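Since the structure comes first, as structure tokens, the remarks are kept for the end.
Every heavy atom of this structure was used, including side-chain atoms; hydrogens, water molecules and symmetry mates were not. If you read the sequence from its start, that first residue is 1, and numbering goes on from there. As the structure is a computational prediction, the values presented were derived from the model and not from experiment.
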Amino acid sequence: MISRLVVAWDDSDQARKGFDFALAIGAKFGAELHVLSVARPPEPPVAVEMEAVLESAREYYERSWEPLRAQSAAQGVPAVFEVRVGHPADQIVRYAAEVAADMIVMGHRGKSASFIERWRLGSISKRVLSYATCTVTVVR
């Protein structure tokens with residue numbers, strides 16, 4: 001029934017809850033986890049800056065994924081880790097479609113910069129719920 005889950009990861013407490021939830025589902029159903037982190041590009045995007053943003057994001061997330069890798073390995077749940085650049089909601093939906101995910105798991109609120117930014121851009125979880133073609137679970 002559930003063979004592949006995408007977990008949105010921004011290293012927040014809510015993302016941690018989402019990962020733990022997805023890991024439990026993965027262990028129960030023998031599903032594979034795809035942990036996705038998204039780096040936002042600079043405005044306006046410049047090729048040199050994009051490379052620096054991506055490299056910095058990869059380094060940051062590689063460190064934050066270490067305990068997740070250990071936790072998934074300890075439970076025998078295969079996990080893939082990926083960093084993309086772009087708008088988080090868009091990248092989460094695209095990635096889920098690319099890997100043919102059965103479910104997206106994400107936290108209710110992540111590490112958005114400020115209330116104004118969240119209001120202006122809209123909730124990432126709300127956008128994912130609106131555009132994803134698979135089941136979306138938002139963990140609080």
Side-chain angles (χ1 to χ4, degrees):
M1 181 178 182
I2 298 174
S3 61
R4 197 168 292 116
L5 297 104
V6 170
V7 181
W9 179 260
D10 66 357
D11 197 26
S12 66
D13 291 339
Q14 292 295 315
R16 164 56 72 183
K17 290 177 183 178
F19 177 81
D20 291 343
F21 181 82
L23 186 60
I25 291 172
K28 181 173 182 160
F29 291 100
E32 179 180 76
L33 298 184
H34 287 257
V35 180
L36 177 66
S37 297
V38 181
R40 289 187 187 243
E43 295 286 332
V46 177
V48 175
E49 289 180 23
M50 290 288 285
E51 286 300 318
V53 166
L54 186 55
E55 186 57 35
S56 176
R58 277 197 182 111
E59 289 173 9
Y60 175 81
Y61 288 120
E62 282 294 330
R63 285 189 304 274
S64 77
W65 291 336
E66 286 177 19
L68 307 183
R69 283 192 169 104
Q71 199 175 349
S72 60
Q75 293 200 26
V77 176
V80 175
F81 296 84
E82 177 85 25
V83 175
R84 297 281 175 100
V85 176
H87 185 277
D90 180 52
Q91 293 302 314
I92 293 165
V93 170
R94 285 176 192 244
Y95 185 75
E98 285 175 24
V99 300
D102 300 302
M103 179 186 291
I104 298 169
V105 178
M106 57 191 308
H108 182 257
R109 293 249 188 241
K111 285 190 166 183
S112 293
S114 68
F115 170 77
I116 298 298
E117 183 178 331
R118 285 193 311 263
W119 176 79
R120 184 176 61 83
L121 295 174
S123 167
I124 292 168
S125 56
K126 218 183 238 187
R127 286 186 180 197
V128 171
L129 280 164
S130 295
Y131 296 105
T133 58
C134 63
T135 300
V136 178
T137 301
V138 179
V139 179
R140 287 184 181 254

Report task. Find out whether F19 and L33 are in side-chain contact, i.e. whether some heavy atom of one side chain is under 4.5 Å from a heavy atom of the other. Result ->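 The answer is yes; the side chains approach within 4.5 Å.
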
Query - Which atom of L36 lies closest to which atom of I92, heavy atoms considered - result: CD2-CA, 3.7 Å

Requested in this report: Please report the shortest heavy-atom distance between V128 and V93, naming the atom on each side.
Outcome: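 For V128 and V93, the tightest heavy-atom pair comes out as CA-CG2, 4.0 Å.
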
Report task. Give every residue pair that meets the salt bridge (charged side-chain N to carboxylate O under 4.0 Å, His left out) criterion with at least one member in residues 131-140, sequence neighbours excluded. Result -> none

**Report entry** Inter- and intrachain pairs under salt bridge (charged side-chain N to carboxylate O under 4.0 Å, His left out), touching residues 19-30, at least two apart
**Finding:**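 For residues 19-30, and leaving out neighbouring residues, the salt bridge (charged side-chain N to carboxylate O under 4.0 Å, His left out) pairs sorted by first residue read R16-D20.
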
Requested in this report: Could you give me the CA-CA distance, side-chain angles and deciding distance for H34 and L5, then say whether side-chain contact (heavy atoms from CB on, under 4.5 Å) is met?
Outcome: CA-CA 6 Å; H34 287 257; L5 297 104; over 6 Å; no

Mind checking what makes salt bridge (charged side-chain N to carboxylate O under 4.0 Å, His left out) contact with [X], not counting sequence neighbours?
{"X": "R84", "answer": "E82, E98"}
{"X": "R94", "answer": "D90"}
{"X": "E62", "answer": "R69"}

Query raised in the report: What residues, two or more places apart in sequence or in another chain, satisfy ring-ring contact (aromatic ring centres under 6.0 Å, His included) together with F81?
Result: W65

Query - Distance (rounded to the nearest 0.5 Å) between H108 NE2 and S125 OG - result: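 Rounded to the nearest 0.5 Å, the NE2-OG separation comes out at 5.0 Å.
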
Query raised in the report: Judged by modelled atom types alone, do Y60 and D11 share a side-chain donor-acceptor pair under 3.5 Å?
Result: yes

